[in-house]
Structures are given as C-alpha cells and as structure tokens.
Amino acid sequence: MQYNHLDIEKKWQKFWKENQTFKASNESDKPKYYVLDMFPYPSGAGLHVGHPLGYIASDIYARYKRHKGFNVLHPQGYDSFGLPAEQYAIQTGQHPAKTTEENIATYRKQLDAIGFSFDWSREIRTSNPEYYKWTQWIFIQLFDSWYNKDTDKAEDVSTLIKIFKTSGNATVKAVSDEEITIFSADEWKAFSKIEQEEILLQYRLTFLSDTEVNWCPALGTVLANDEIVNGVSERGSHPVVRKKMTQWSMRISAYAQRLLDGLEKIDWPQPLKDSQTNWIGRSQGAMVSFNVDNGSEKSSSEVKLTYKELEALKELRQNLSKAETILWDELKNKKGASKFRKKYTISTFLVDYVCIAKNIIIEFSGKEDEAARTEFFNNEGFNIIRFTNEEVIENVLGVVSKINSAIQFPKIVEKTTKNKEIIKEENKYKIDVFTTRPDTIFGVSFMTLAPEHELVSKIITDAQKAAVEEYITATAKRSERDRMADVKTISGVFTGAYAIHPFSGKKVQIWIGDYVLANYGTGAVMAVPCGDQRDYDFAKHFKIPIPNIFEGVDISEAAHIDKDGTVIANSDFLSGLKYKKALKLSIYEMEKRGFGYGKINYRLRDAVFSRQRYWGEPFPVYYKDGMPQMIAAEHLPIVLPKIEKYLPTEDGKPPLGNATEWAWDSRAKKVVSNDKLKNKTVYPLELNTMPGWAGSSWYFNRYMDATNSNEFASKESLEYWKEVDLYIGGSEHATGHLLYARFWQKFLFDKGIVPVDELAKKLINQGMILGTSAFVYKTTAFVRNGCGCSDEKSNDDILNKIPTVIVSKSLFNSDDEFESVVKNYLIDNNFLNPNFADLIMITKTALHADVSLVNTSDELDVKAFKNHALNSEYKNAKFILEEGVYKVGREVEKMSKSKYNVVNPDAICATYGADSLRLFEMFLGPLEQAKPWKTSGISGVSSFLKKLWKLYFNGDVFKVSDEAPTKDALKILHKTIKKVEEDIENFSFNTSVSTFMIAVNELTALKCNTREILTPLTVLVSPYAPHIAEELWSLLGNKESISTVDFPIFEPKHLVESAKNYPISFNGKMRFTLELPLDLSKEEIEKTVMENEKTIAQLEGKTPKKIIIVTGKIINIVL
RNA sequence: GCUCAAGUGGCGGAAUUGGUAGACGCGCUGGAUUCAAAAUCCAGUUCUUUCGAGAGUGUGGGUUCGAUUCCCACCUUGAGUACCA
C-alpha cells in the first residue's frame, strides 16, 4: 500500500470532527493545560503559508500535552471586527457582516485542511452580538469603577460616592483627571445631579474627555498611537493630523506601575517585555516649580500651591484640633455670601477660616508670624478676627456672634492700589517642570517652554511679543511629521521673561522652543546645558551661558551626559557629591523648602477608546442632558443598527449618525427609531464604536465558557482554567493588544471577576515567514542624448524595432554586461542595425514574476508567464535563455500579494499533504526567528514521511514483526524519545524534525520493523504529523484515536555505552580519533594514546608538556 | 540617537555547565534503475592543497590545555522606539 496523504488526511480530519476528539471538558481529573493562539482577523485574502506557523507550533504542543496526560484547552476564533470589511462595505455597499462571514468560511476550510486539534465547539467571533454583549458589559464595569491608590486597585464607584458623602474629596487618593477641585462632604451633597456626575466622570476608569487625537481624514477616524507609523496611518499610509474631540478614554495610566511590575512574573520574550517597558516609560525624578520673576521681591497673593503643599493641606483639613472643630461646626452651615472655608491658602499663608465674599479672615491667635500676616492681609483688604483656643472652647456662641456682626457690618477697608493689582497679575505665574536630573539643578541657565504652553502668552514682554507670536505661528504650521523628521534644526525665541532659580535666587531666561513637547511632562523643561545635549545645542545656538557643574569634566564640545562616577561642583550644598547622593539630597531639600518633590513620571498615556467607524462594538451608552448614561446589563447586547451608507455623515458625525433607528427608550428599555427622540424618555445613543482592541482584550477568558449566555464566563470555568499556559503569536502586538489585554485582565482581577491578574504564563513570538520573490529582468531602450542624429523620426524608427527583451539571470553580472548581452542579441536577430548600436542605451528593470510560474530549480515557465493575466504587456517579449531555460533572480522579501510571492497552504496540502506542511514549517528554523520560505525544500520532509511509512510495510503489505527488538534499535528509539521530549519542552521544533529523520534513516538501515519499536515511534511523531500517525496507529490494530495515548517513556539504560571514540587533539586541534573502553583509568588512557603510532607521528619526536584527559569527552596533548 | 536581537558552507540551519564545527534537509556533482522522464537508491559536496597536510564560525584583541560558546573594542544586518527632559 502506497502512502496516500490525500486519502489519509481527509479520513482522519473527518474522524476527528465526527468524534469531537479535541473537545475539552471543564471537568477532569487530569491537570489542565491551556494553549492559545492569537486569533486571526479573517481577511479576504485568506491564509498564506506564513500564517499557520504559530498555529502549527501550538498544535504540536497541545497534542504533546494530551499525550502527557493533560486536559488540554486549545480553542480558536476570529477577531472579526475591523477596518478592511468596513472599507469593502464603503466601496460595495455589502454589509461587513456578510463579508466577514464569507472570509471566516474560507479561513475555516484552510485551517481544517492543516489538521489542527482545535476545540471548535468553543469558537468565538468578536463581531457576534452574543460575544460583544460581554465586551459592552466590561465597558460598563470600567465606567462603574475608579482607581483607589490607597488600596492600589480598582473599586466600585459606590465606594467613592460614600467617601464624598462623608468627607468630600480632599482625602481621596485616586487616579483621576489632573484638574480636580477640592470639595467637602456638604458641598458634594449640595451639588446638582449633573454636577455630581461630572465630578465622578473625572474619576471613572473609562471617561469622556476632550482629547487631542490623531485624526485621519482619509479614513474618517481616530487612530491610536500604535496605529500610526512614521506619522502616517498604518493602514493605507494616509496623513494624520492632531484634532480635539470628545472621546471615551481608558485610564490605563492607573495601571502603569502594575503593568510594569507584572512583567517580572511572566515568562514572555525579553524583547517584548523591553518594548512594553519602554512604552510605559517610567522615569524617576522630581517635579520642580520655578517662580516667574515679577521685578519685585514680594510673592504673590494667588500663588498656586505645589503638590506637596496641597497634600499637606488635605491632611490639615482632615485633622482639625478640638477648638478648630468646634468653631468649624458652627461656621460650616453658613451658606451663600457668608460661606466659610477652612484651612484656606491666601498667598503663602494658610488661614484657619475665610469668608471670601465678605473679606473676613478668622484665625486662632498666637501664630509666630502674626505681625507679618496682619500687615499682609490688611494690605490685601481683609478684615482679620482672632480668637484664642480657650475663647472658642469655653464660649463658642460668643465667638460666633462676633463673627456674625462682622458679616453684617463689614469693615470698610482700603483697597490695594491699581499699581499693586498689576504686579499681582504678573506675580501669580509659576513654571512646573519635570526632571530626571534634579541633582543638576544648579546647572540651570535657562528654561524652555513648548510653544503651546499656556503660560507663554501670559509672561511674554511687550518687546518680545511680536517675535514670540511669529514663532508660534510658524511652529503651528509645521506638522507633527515635519517636526519629527527635522530634529537637527535648532529653533526657539526668548520670551523676555525670567524665572527665579529656586535655590540660588538668580534670574534665568525663559525661552520657547519646539524641542520641548507640549504633551510630555509639563510641557516645560529646566535647561541644564552642561548635562543635556539638546539643552547644550540650544544654548550654543543662542549663545546662552553654559555653566559647568561637573568636577574635572570638559564641556567645551558637548554636554556631559554620564552620571555615574561624575562629581557635582559649583552647586552649593550639592558640590562634591556623586550622582546618587546628590539626587537624594536635592529632592530632600526641594521637599523641605516646598518648591519640588520626588516624582515618577510615565510616558504611557490614557488610551482613546472611541472610533468613528461602523464595524465595531457599539457603546452601551445614551446621553441624558449631555451626560453619558449606561444601559443596564440585562438589556445588552446593544446591537449595531442597520445603515445605508458606511461613511461619516455629511455634518461629520460617525457612520452610526446615518442610522434611523438609534435612540434609547429609557422606559421601554429598548432601541427605538430616532423619530421618538422628541419624547421625554427617549435619548440619543452614542455614535462612536469601540476600537479593534476591545474584543481582543478579554477573549481568552471567554473560551473557558464560550457559550454561557448568563455570564461573562462561569466562576467555576474561570477558576478551573485560570490563565493561558502557553500563548503564541506575533511580536507586532507588543504594545497594542498585549498591553491592553493585560490592563483589562488586571482590572477584571481587581473586581473579582477573574482569578488571576496576568492572562498568560508563557508567551512565544513566532517569527515571520518571508517570501522568496522571483524576478525577471526586462530591458528599456533609449537613444543617447547628443548622439548627433537629431532626426527624431529616425530615432523612433530605431526604438520601434526593438522589442522588450527579458534576460535570464546568470547571463550577466553587472549593468554593463546586461547591456552588451542585450545588444548582441538585438544585432544577431536583426532588431538593431550594428551601426546604431552605440546610439542606444539599454537599462535593466527587475520585475516581480509570480512564484507559481517558477519551478524548484528557479526556472520560469516562459509560456505561462506570457499568458499570465498580469503580464499582458509582455506577450510578445523576447526571452534570452541560458541552456534552453529562463532562470529567475531570487530575493527574500515580506510575503505579500503585491510581490507575487505568496504561497498558499491549500496548494501545499494538496500536493504534499498537511503532515508535510506541518513538518516543513517547523523544519525551516527556530520558531521565533524570521526565515524565508522555499517550496523546493519541502521534498525533504515529504520523502521522510514516505520512508517512515515504508518501515511498517513489506512491499505493499502492512507487516510489523512481534519479535524482540535489537539492542541497536532500542538505542535509536530511546535516543529519539529523549531528544524529542527535550526539544518540545524547549520549543525547539526544528531540531526534533531532524531527530525523526535520523531515527527513520537508522531504523531503515537496520531493516527494523518490530512492533515494540514502531508503536512508540508512532506516538512520537503524532504531534507533528498527526494524520499519518493516526493511520499507522489504526493499522497497528488500535481502535481509538492516538491523540491521548501515553507518551513513550525514556529509559537511559538503552543508551549506556562501553566504549568511546575519543577525539585526540594537539594544542586543542583535533587530529584523529581513537576508540577506547570507558572503564579505562586516566593512566591507562595516557599510556595507550602515547603508544599510538599516529600520536608519535604528530609529536615529531617532541615531548608533550601536558596531557589533559577528560574521561568520556576528549584528550588534549599540549606541545 | 537609544534599547534589543543576530552574524557559522551555494541556501535553511545544527552544535553553548567551554571539549570531534558544519548534524538534518535543500541545492549541486557523479553513478544505478528507465526507451525517456518522474520517483527511488548509492556515493560525494566548508575552503586551500605540492594529497603529507593546513586554514576556518563578521573583524581585532583577551582569558584558557582547549573558544562558534566567556570577556573587551569595533563592523554589519534586522526589529522596536524616539527631540521623553
């Protein structure tokens, strides 16, 4: 019986399907193992041979684990929302669901042909309403949560509201919007519902905000940072501009530190971890405030407080003394114009209570700086009333009545002069900067603000106004892309204003420059030209002084960036210190003096979650009085509405703006026609949809209980499967899918929905399979300029006679050779008059030829090439052949349709079989590495399978002997078991394929056909080549599938050797080998070796200096 | 620029607690079989060579009895990222 892969593969694929061989159970005595592939987006082009690489590797591992006695979950599904289907819909009007459905059918057929052991009963599709119902549900969970920094996890918003009700927001440590106003419990209660919702939105993990987004006009949508490559869209390379829009965002920044920490406990590739680490971009340093100089010594009355001071203030407000509490209990109920605030700051003074509307300050007497306070407050027009602690405790009512009379009869106070007013205006500015090198603060010689910085317009002097405004206009015109591309040009302009160095008190110039980015840090930097190259270049360019604060370092040519080993100088209290100490001390001093504090900054930005697309998950959101409202979970899914046109509306709304039935009836609890919007209980629904990463951020959990319609997944199934044990996919998802998915997983963990906070224990990035493109070399003929024959007509005549010539690869090595080969051909065939030969110039163009037209020896099927639909213009081209054939040039490139180098797995399966494809893809090289595909190589694995098959046959008859196997055969078998097991555990699949080949070659040489050898051998190859293994297994007399048969056990006793063929080397160079028994002592070995005639020949009469003998390994003679 | 990975025959690649470099396969060469081809089988295939042997894992150094493997410097290629303060 011949090995017929077509019949065998079809037979077993049918068997597996009918018997549900790979259906995983959520209940089992076996240990669990979860093997997952990154699910594909079903594109219209179908799979090429590069796509299944990772699936084959994971399938081998899954099958291996089944043999090892594990209950294996190995599911597959489709990431079926996405732009291509929508683009296609825009062009053709066909509903994306239909396109998607068709593409999935193709994918499924292709996947089935390769013989994967997927549990298809758990298939999921992100575009299926039964699936995205739960994506919407997770969105609601995020909306209902806030991040509590004290417990370091996400909590339900109800806990936040409780805190607001009892003590306001001053004590809350949360990840929230930056501009948060402090309010008390009473103020909270007094807020309207809408005001409360607005405040809560500043804390929710998914929130609406006006964000500057990457708007792509050509695609009509917003793109995430990772969807932009070199300033243009990843898809279609369209230009991208910055634009402000109201968008849903995800507060992923709350998880920055945990996303970083989590990397340490997962076994993921280092490069992937590195790129996540870079993406999160943690930098440790300090936040420092510089006051803007106002020409006067006096500090302002409305100075913003530093972060540290604000923190301290919150503390103070919470911990009032006994007397303070008694008085506050009386004052806090005053409303309207007589409203009092406690522990309020006026300028740099902290006052106990203040009524701003009536200019009344109430303080406890006995403060150290009382005189200064009185003077300052009087100057500012306040009426100061002071009490002692005792007065308040003993007679609070008397105190209150004094206050009341002050409210009723306000003291007429002298207002500050107009002049002072102006100074105050100038006074209130302060520039916050983030720096990673606070130790170099004495090296600051100027400051730079981003052109977009809000302070710029406020601090510029009249003299510089025109120059600054001109500069700002000029930078605004330059696109982000230009600014990125042009890093070398130094530009900037002086604002005319100065800042005060917080330590030295010296004045430093404030500049603006576009090397400072508005959206990183605070959009301002303290420039230390001696320690930062960009600051250095800027200073040099504008001739700003460059003070040197490093001991014994030359900074005449470039900045000194090294921090280790450098000693700080000229820096007051930091002088003489090294980096680490200086860093600590500088931060300590800043915190003590109150203008700076240690801070950790992250590059990771909150993720924009809205897309102006149709083919994505609709938000479960409607708007009431402009505020977003969640639709209750029991009414999900909110299904995508039908629309006529998939483009944005004419007034710029997203495609869902075209829907006629897209309003929420809050009474009937259903989506209704837009006509009903005039009703009081009907509200407009959200028009954006979710981005591509929404559905893929939690799908691995859904597989655990894919058909559950009541829950996201049952508690038991989540508890059983926990996380993915092995996840295989491409490295291109490093900062997209894999970061967002880890974020959601941590969130779901915080909320107690999933039991683990990392989604995959181990992850492997499979490398890309590259295509081997084929090239033909085409001529283009020109008439040389200035050749003397100015008659244009005759030029045309010469050219018209010349046909397109296509030259075989090996006929030329250079362009010159190419030209002469072609000319000779043209002359020989009378296409060119030899007299004109010098007038003609021939150039070479390499053209992609479809790889399917080329055989394994790089020979082009010329006839098929000419008849190929794509090559109609070369129908009459002349081919210069070598030895009767046309040889193409080869080059390795990414596999793509446009390069005509795509190889279809279906064709490979049909010709060589799925088992050959599986073996070959593994045999190409290490899984993680990029490697080129060459179809010719597949004959090696194909003939291996034939040889394997032959071991079980005598001619056409299946014949396996029941005799005892020979020692040699057992040795081969166990050597193979050991190696294959090690290889699979190490994901070194390429080497185990060679091991199989060696085993089969050796067993064939021994003519071994004993059952005792062939039975375990069948199991060994089964993960790699499951179809042939099943067939041989059943021929061996088994009724059940091979899939869960125990993996053979390695027995070391079969590998024990009695002798070793020692390599004998001289000075480390191996010269010959010598077979010696292993039980020989070192002395005996030395004696035997030294007596050997080859040794004597090598020695040439010299005496060895030393003889190294490593028993069982090597003998080295040192001369 | 920064971070990471990798450089081994004509090609894909193998070999690391430092111990016979080039396993296995492709391709190529020769042979057998065949009318012929495909398929199959056998032999050879790193380079140089005066056929004794010698050199050799990107380059140059180092450690070692011994280095593809460890250390230092450099070169090249690929990937990611970027005025990130």
Side-chain angles (χ1 to χ4, degrees), chain A residues 226 269-279 281-283 285 433-437 440 447-448 450 483-490 513-517 519-528 531-535 537-538 561 601-603 731-732 734-735 765 767-768 772 856-858 890 892 919-920 923-926 928-944 946-947 950 988 990-999 1001 1060-1073 1097 1104-1110 1112-1119:
Chain A
D226 55 288
Q270 198 55 44
L272 195 156
K273 287 187 183 181
D274 289 343
S275 70
Q276 288 210 348
T277 307
N278 286 335
W279 194 260
R282 182 187 203 265
S283 48
V433 297
F434 176 73
T435 174
T436 53
R437 297 292 305 275
T440 63
M447 304 197 70
T448 317
R483 249 169 98 169
M484 257 158 62
D486 180 21
V487 193
K488 289 194 186 80
T489 317
I490 296 163
D514 68 358
Y515 81 97
V516 177
L517 304 178
N519 51 12
Y520 182 76
T522 60
V525 299
M526 57 174 230
V528 184
D532 182 285
Q533 195 55 46
R534 290 155 306 167
D535 295 343
D537 295 340
F538 195 87
I561 295 140
N601 221 30
Y602 297 95
R603 198 179 72 107
S731 56
E732 67 272 21
T735 51
N765 290 130
M768 206 191 309
T772 314
T856 53
S857 309
D858 292 352
R890 291 288 200 175
V892 173
L919 283 168
F920 186 54
F923 190 57
L924 281 175
E928 301 91 332
Q929 201 173 298
K931 55 234 160 211
W933 174 273
K934 259 175 91 180
T935 305
S936 59
I938 204 167
S939 62
V941 292
S942 174
S943 61
F944 156 73
K946 286 178 200 161
K947 281 186 218 165
K950 275 190 191 161
S988 173
N990 52 329
T991 49
S992 40
V993 179
S994 355
T995 307
F996 289 137
M997 290 175 170
I998 294 167
N1001 288 346
K1060 159 85 188 171
N1061 196 17
Y1062 277 98
I1064 314 292
S1065 53
F1066 293 80
N1067 290 335
K1069 295 264 177 224
M1070 202 282 285
R1071 291 307 173 212
F1072 61 91
T1073 59
K1105 283 184 191 147
K1106 202 172 174 187
I1107 298 173
I1108 311 245
I1109 296 167
V1110 185
K1113 280 210 165 152
I1114 198 171
I1115 294 155
N1116 189 22
I1117 298 165
V1118 188
L1119 291 173

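Below, chain A is the first sequence line, B the second, and so on; all start at residue 1. Heavy atoms only: backbone and side chains are in, while hydrogens, waters and symmetry mates are out. Note that the structure is predicted; figures quoted are calculated from it, not measured.
Between the NZ atom of A/K1113 and the P atom of B/G18 there is a distance of 9 Å, rounded to whole Å. Rounded to a whole Å, the CD atom of A/Q533 is 12 Å from the P atom of B/C84. As a whole-Å value, the separation of A/I1114 CD1 from B/A67 P is 10 Å. In this structure, A/R282 atom CZ and B/A85 atom P are separated by 13 Å, rounded to whole Å. Following rounding to the nearest Å, A/Q929 (CD) and B/A79 (P) show an atom-to-atom distance of 14 Å. The CZ atom of A/F1072 sits 12 Å away from the P atom of B/A53 (whole-angstrom rounding). Rounded to whole Å, atom P of B/G25 lies 20 Å from atom NZ of A/K931. One interatomic measurement links the two molecules: CG of A/N1061 to P of B/U20, which rounds to 12 Å at whole-angstrom precision.
Note on ring orientation: taking the six-membered ring where Trp is involved, the planes of A/F944 and A/F996 are parallel (angle under 30°, cut-offs 30° and 60°).
Side-chain N or O atoms of A/T436 include none that pairs as donor or acceptor with a backbone N or O of A/G285 at under 3.5 Å. Put simply, the side chain of A/K934 never gets that close to the backbone of A/P932: no donor and acceptor are under 3.5 Å apart. A donor-acceptor pair is defined here as one N or O able to donate and one able to accept, closer than 3.5 Å; no such pair exists between the side chain of A/S942 and the backbone of A/I938. Between the side chain of A/T448 and the main chain of A/A524, no donor-acceptor pair closer than 3.5 Å is present.
Nucleotides B/C70 and B/U63 are separated by 8 Å at their C1' atoms, to the nearest Å. For the P atoms, the distance from B/U3 to B/A73 is 13 Å, rounded to whole Å. Rounded to whole Å, the separation between the P atoms of B/U77 and B/U68 comes to 25 Å. The gap from the C1' atom of B/A38 to that of B/U34 amounts to 10 Å, rounded to the nearest Å. Comparing B/G58 with B/A6, their C1' atoms are spaced 11 Å from each other, to the whole Å. Taking the P atom of each, B/G10 and B/C47 are spaced 7 Å apart, rounded to whole Å. Nucleotides B/G18 and B/U50, compared at atom C1', are 36 Å apart to the nearest Å. If you take atom P in B/G22 and the same atom in B/U46, they sit 10 Å apart, rounded to whole Å.
The distance from atom OG of A/S283 to atom CZ of A/R603, rounded to the nearest 0.5 Å, is 10.0 Å. To the nearest 0.5 angstrom, A/I1109 atom CD1 is 8.5 Å from A/I1064 atom CD1.
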Exercise. Would you sort out whether A/R534 and A/V516 count as a side chain to side chain contact (heavy atoms under 4.5 Å, CB included), showing the intermediate values?
Key: CA-CA 10 Å; A/R534 290 155 306 167; A/V516 177; over 6 Å; no
Exercise. Please assess A/N1067 against A/K1069 for the test side chain to side chain contact (heavy atoms under 4.5 Å, CB included), listing each intermediate value before the final yes or no.
Key: CA-CA 6 Å; A/N1067 290 335; A/K1069 295 264 177 224; 5.6 Å; no
Quiz item: So A/R437 and A/V528, side chain to side chain contact (heavy atoms under 4.5 Å, CB included) or not? Walk me through it.
Solution: CA-CA 9 Å; A/R437 297 292 305 275; A/V528 184; over 6 Å; no
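Under 4.0 angstrom from either OP1 or OP2 of B/G25 there lies at least one side-chain N or O belonging to A/N1001.
Distance from the side chain of A/N990 is smallest to B/A14 among B/U20, B/C65, B/A14. Looking at the side chain of A/N278, the nearest of the listed nucleotides B/U3, B/U40, B/A23 is B/U3. Of all nucleotides listed (B/U20, B/A85, B/G56), B/G56 comes nearest to the side chain of A/K1069. In this structure, the nucleotide among B/G27, B/C84, B/A23 sitting nearest to the side chain of A/S939 is B/G27. The side chain of A/S994 sits closest to B/A23 out of B/C84, B/A23, B/G25. Of the candidate nucleotides B/C24, B/U20, B/A55, B/A55 has the atom lying nearest to any side-chain atom of A/R1071. Out of B/A85, B/U81, B/G25, the shortest distance to the side chain of A/M997 is found at B/G25. If you check B/G13, B/C24, B/A15 against the side chain of A/T991, the one that comes closest is B/A15. Taking the side chain of A/R534 as heavy atoms from C-beta on, and the options B/C84, B/U3, B/A14, the nearest nucleotide is B/C84. Nearest to the side chain of A/M1070, among B/C4, B/C83, B/U20, sits B/U20.
Residues A/V1110 and A/K1106 each lie close to RNA chain B; by heavy-atom proximity, the contact nearer the 5' end of the strand is made by A/V1110. Each of A/F920 and A/T435 was matched to the nucleotide of RNA chain B holding its nearest heavy atom; the match closer to the 5' end belongs to A/F920.
If you check every strand for non-hydrogen atoms under 4.0 Å, A/A524 touches nothing. Backbone-only contact: A/S943 has heavy atoms under 4.0 Å from sugar-phosphate atoms and none from a base. Counting non-hydrogen atoms under 4.0 angstrom, A/I1108 reaches a base of the nucleic acid. Nucleic acid contact for A/K947: sugar-phosphate only, since backbone atoms but no base atoms lie under 4.0 Å from a heavy atom of the residue.
For B/G52, the O4'-C1' to base torsion is within 90° of 0; the nucleotide is therefore syn. Look at B/G30: its glycosidic torsion is beyond 90° from 0, and that puts it in the anti range.
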Quiz item: According to the Watson-Crick and G-U wobble definition with distances under 3.5 Å, which dot-bracket string, read 5' to 3', encodes RNA chain B, using [ ] for crossing pairs and | for pairs with another strand?
Solution: (((((((..(((......[....)))((((((.......))))))(((....)))..(((((..]....))))))))))))....
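Donor-acceptor pairing under 3.5 Å, judged by distance alone, is present between the side chain of A/N1116 and the base of B/C65.
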